[in-house]
> 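There's a structure below that I have some questions on.
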There are 2 protein chains.
Amino acid sequence: MSKNCRFAVAVHIAAVLALSGDEPATSEWIAGSVNTNPVVIRRLLSALSKAGLVRSLRGSAGGSLLARPPERITLLDIARAVEEDEGPALHHQPPNPACPVGRGIQPVLVRVIDRAEAAREAVLGTTLLSEVVTQIRAEAMG
Amino acid sequence: MSKNCRFAVAVHIAAVLALSGDEPATSEWIAGSVNTNPVVIRRLLSALSKAGLVRSLRGSAGGSLLARPPERITLLDIARAVEEDEGPALHHQPPNPACPVGRGIQPVLVRVIDRAEAAREAVLGTTLLSEVVTQIRAEAMG
DNA sequence: GCGAAACGTAATCTCATCAGTTACAGTTTA
DNA sequence: TAAACTGTAACTGATGAGATTACGTTTCGC
């Protein structure tokens, strides 16, 4: 696969927590399901926690829990929590203002890229974690 | 700015070609407007050319032209031409099939990421290069 | 023809980002 | 107090992109 597994792994984490219910899941256990290192999981849990989606209990018998029921968490919540928020991807160097295109293009690009991104987020914003968990269960059975 | 300027620079290139009309624009001239190296422009022109959006004339007095009028080029055409097409970003390592989540999550993720991406592309697909050029002109005047 | 001007592309450099890993300090429970 | 966690910092290796240099090829004007 390519890059930025963060979203995929964060959804995976959230699904595991949703299925764990009240039982705190340890980063090591989640890492076993994702098939990666526990620190990678803890880093993402930290981001999810800062976004208020997850609660973590420290100390022995600790672990993580969803902070609210999966019916009230959207994939957009998760994406916003773990993806770097760096405006639209424009030119590295500012374009040449002596050229009409160089002078006028950036605001136009920002508008259109923002509109496209809003459309993508609209889909994620209407997809609930609970729905994803239901589908995962169906896939795992089939 | 962050990453993947390719789309932004490719739209910039297309806008310059649209404003040049019948006059071939050299990679050096375009590079002056974008404020980068001519080889960077030629690489993107090569991708646009493979997608049939641009024609290049070699030799002295050469340069590049749009292959069709800007009313018949969408930003999605440009995005598809210059962006690597690497399916949705999933796990690096396949998840653990011994866990129900690990076993079932990937097809679910593929479906939702593809739906979100399709929504983004729908916006780009309805935005014409000619509209972008009109807006750039308005910005450059204001 | 010849040379200048341009494209097309390969090779290299640098830089940023990311996943993975080790290490360790702080926290909680039994 | 010991064991089992979390929370970070620091380092490594891989990957990808933009910038640059270099060179072969094509074409026009003289």
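As the structure is a computational prediction, the values presented were derived from the model and not from experiment. Order of the sequence lines fixes the chain letters, A, B, ..., with proteins taken first and strands second; residue numbering starts at 1 for each chain.
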> Less than 4.5 Å apart, side chain to side chain, heavy atoms only: is that true for A:V108 and B:V11?
no
> Rounded to the nearest angstrom, tell me the gap between atom CG in A:L44 and atom P in D:dG7.
12 Å
> Does A:N4 have a side-chain nitrogen or oxygen under 4.0 Å from the phosphate oxygens OP1 or OP2 of C:dC18?
yes
> Could you give the NE2-to-C1' distance, from B:H92 to C:dG20, as a whole number of Å?
10 Å
> Sugar-phosphate atoms are those with a prime plus P, OP1 and OP2; base atoms are the rest. Using that split, label each nucleotide of nucleotides 6-12 of chain C B, S or - for protein heavy atoms under 4.0 Å, 5' to 3'.
SBBBBB-
> Rounded to whole angstrom units, what separation is found between the CD atom of A:E23 and the P atom of D:dC5?
12 Å
> When B:H12 is tested against each of A:L109, A:V101, A:L90 for side chain to side chain contact (heavy atoms under 4.5 Å, CB included), which residue passes?
A:V101
> Do you know which of A:D77, A:L75, A:T74 makes side chain to side chain contact (heavy atoms under 4.5 Å, CB included) with A:L124?
A:L75
> What is the distance, rounded to the nearest whole Å, between atom CG of A:N37 and atom P of D:dG7?
15 Å
> Write down the distance between CZ (A:F7) and P (C:dC18), rounded to a whole number of angstrom.
16 Å
> Roughly how far, to the nearest 0.5 Å, is the CG atom of A:L76 from the CG atom of A:L128?
11.5 Å
> Rounded to whole Å, how long is the line connecting atom CZ of B:R55 with atom P of D:dT27?
14 Å
> Could you walk me through whether B:R111 and B:E117 pass the salt bridge (charged side-chain N to carboxylate O under 4.0 Å, His left out) test, one step at a time?
CA-CA 10 Å; B:R111 281 200 295 270; B:E117 180 60 16; over 6 Å; no
> Mind calculating the distance between CD (A:Q93) and P (D:dA19) to the nearest angstrom?
7 Å
> Would you compute the distance between atom OG of A:S49 and atom CG of A:L44 and round it to the nearest 0.5 angstrom?
12.0 Å
> Counting heavy atoms from C-beta on, name the nucleotide in C:dG20, D:dT21, C:dA19 closest to the side chain of A:T36.
C:dG20
> Check the distance between D:dG18's C1' and B:E84's CD and give it to me in whole angstrom.
14 Å
